[in-house]
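Worksheet: the structure to be examined is printed underneath.
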Amino acid sequence: MTNADIAPIEIAEEDALRADMYDFIASLLRKEPSDELIAEVALLQGDKTPIGSACLTLAHLAKTLDNGLIRNEYVSLFIGVGRGEILPFASYYLTGFLNDKPLANLRSDMDAIGIRRADGVKEPEDHIASLFDMMSGLIRGRFGRRYSIAEQATFFLKHIEPWADLLMRDIGAAKTVVFFAPVGAIGLAFLEIESQAFSMDGTG
C-alpha cells in the first residue's frame with residue numbers, strides 16, 4: 001500500500017525473515033487472495049511452534065477450500081455490504097472512528113520517513129496491511145536508509161502494538177472465519193515475538 005523509491009539494502013538473515021513475515025501477513029490481509037497467492041500458501045511448511053502449526057493449518061485450507069470461497073470469506077470479513085465484520089484500521093480500533101487522530105499521527109510520521117501512499121490505493125494508510133508494509137520497509141531499508149532496531153521499535157510501539165493483537169484475535173474469532181482463522185493466529189504469534197524482542201533490546 002506504500003511506495004518506496006529506494007532499492008532495498010542487504011540485511012541480516014534474521015531481519016530478512018522478519019520482513020518476510022510482515023510481507024506475508026500483509027499480502028493475505030490487503031485484498032482478496034489471488035489464485036497465485038493461495039497456491040503459494042498451499043506450499044507452506046510448519047512445525048510445532050504456534051506460527052508453524054498455524055502455517056500447516058493454513059496450507060491445508062489453501063489446498064482443500066475453493067479459491068472463490070476463500071475470496072468470499074475475505075469480502076465478508078473486511079468489506080461486506082456497507083462494511084465488513086472487521087475494520088482493520090488503527091483509527092477504528094483505537095478511537096472507534098475511521099480517519100481519526102491515529103491516521104493523522106501516522107501520516108506525520110510517514111512524511112518524516114519519506115513514505116508515500118501508493119498510486120491507486122483508496123484505503124486509509126492505517127490499514128494493517130499498509131502498516132506491515134511500512135515495517136517491512138523500515139527493516140529492509142526501503143526508505144532511504146536502514147532503520148535501527150530502536151527506530152523500528154518506536155514505529156511498532158506507536159502504530160501497531162496498541163491495537164494489532166486485538167485485530168488478530170478478532171480475525172481468529174470472527175463469525176464467518178475459516179481460512180483466515182490461522183492467519184489471525186500467525187499474526188498474533190508474530191506480534192508477540194516482535195513485542196518481546198523489542199522489549200529485550202531495551203527499546204520497548
Side-chain angles (χ1 to χ4, degrees), residues 1-12 14-34 36-37 40 71 74-75 77-79 83-84 86-168 171 183 186-187 190-191 194-195 197-198 201 203-204:
M1 286 189 176
T2 58
N3 277 345
D5 297 323
I6 307 297
I9 298 169
E10 186 174 346
I11 58 175
E14 179 182 348
D15 286 331
L17 290 172
R18 291 175 56 226
D20 286 346
M21 184 60 75
Y22 278 112
D23 288 336
F24 173 65
I25 299 170
S27 72
L28 289 167
L29 298 180
R30 180 177 294 110
K31 61 182 180 180
E32 302 98 306
S34 65
E36 292 76 15
L37 178 57
E40 291 176 11
R71 285 189 279 272
Y74 181 94
V75 171
L77 276 175
F78 301 113
I79 301 174
R83 57 159 284 184
I86 294 171
L87 295 176
F89 300 92
S91 287
Y92 182 79
Y93 267 80
L94 295 174
T95 71
F97 299 95
L98 294 172
N99 303 308
D100 211 336
K101 187 174 181 180
L103 177 58
N105 292 338
L106 173 64
R107 285 173 172 168
S108 177
D109 287 345
M110 288 173 63
D111 286 341
I113 295 169
I115 306 174
R116 60 188 177 86
R117 184 166 164 167
D119 294 338
V121 174
K122 297 180 180 179
E123 295 85 2
E125 296 91 324
D126 61 343
H127 189 286
I128 189 62
S130 179
L131 289 167
F132 275 27
D133 286 340
M134 292 180 210
M135 275 300 299
S136 174
L138 294 177
I139 296 167
R140 295 187 191 279
R142 284 195 177 124
F143 306 123
R145 63 179 177 85
R146 181 180 297 160
Y147 281 73
S148 69
I149 291 294
E151 290 170 317
Q152 295 171 33
T154 296
F155 186 91
F156 178 89
L157 294 171
K158 184 175 181 181
H159 299 295
I160 295 175
E161 188 178 62
W163 70 283
D165 60 340
L166 179 57
L167 167 68
M168 296 303 173
I171 291 172
V183 176
I186 292 168
F190 178 61
L191 289 171
E194 285 286 273
S195 294
F198 286 137
D201 285 329
T203 56

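Since this is a predicted model, take the numbers as computed values, not measurements.
The shortest side-chain heavy-atom distance between Leu131 and Leu106 falls under the 4.5 Å cut-off. For the pair Ile113/Met134, no side-chain contact is recorded, criterion being any heavy-atom separation below 4.5 Å from C-beta on. Contact of the Thr154 side chain with the His159 side chain is not registered, since no non-hydrogen atoms from C-beta on lie closer than 4.5 Å. Put simply, the side chain of Pro124 does not reach to within 4.5 Å of the side chain of Leu98, judged on heavy atoms. Between Tyr22 and Phe190, the closest side-chain pair of non-hydrogen atoms falls below 4.5 Å.
With hydrogens and angles ignored, the 3.5 Å screen pairs no side-chain donor or acceptor of Ser108 with any backbone N or O of Ala104. In this structure, Arg83 contributes its side chain and Leu87 its backbone to no donor-acceptor pair below 3.5 Å. Side chain of Arg142 to main chain of Ile115: no donor-acceptor pair is present (N/O by atom type, distance under 3.5 Å, no hydrogens or angles). Put simply, the side chain of Ser91 gets close to the backbone of Leu103: a donor and an acceptor are under 3.5 Å apart. Between the side chain of Tyr74 and the backbone N or O of Ile79, no donor-acceptor pair lies under 3.5 Å. Side-chain N or O atoms of Ser195 include one that pairs as donor or acceptor with a backbone N or O of Leu191 at under 3.5 Å.
The CZ atom of Arg30 sits 8.0 Å away from the OG atom of Ser130 when rounded to the nearest 0.5 Å. Once rounded to the nearest 0.5 Å, the distance linking CZ of Arg117 with NZ of Lys122 reads 10.5 Å.
Under the side chain to side chain contact (heavy atoms under 4.5 Å, CB included) test applied with Ile171, the options Ile186, Leu29, Ile128 reduce to a single match, Leu29. Among Tyr92, Phe89, Phe156, Tyr93, the one residue that satisfies the ring-ring contact (aromatic ring centres under 6.0 Å, His included) test with Trp163 is Tyr93.
Geometrically, Arg145 engages Tyr147 in a cation-pi contact, judged by NZ or CZ lying under 6.0 Å from the ring centre and within 45° of the ring axis.
Under a 4.0 Å N-O distance rule, the pair Asp15/Arg146 does not qualify as a salt bridge.
The 12-atom threshold is exceeded at NZ of Lys158, counting heavy atoms of other residues, nucleotides or ligands nearer than 6.0 Å.
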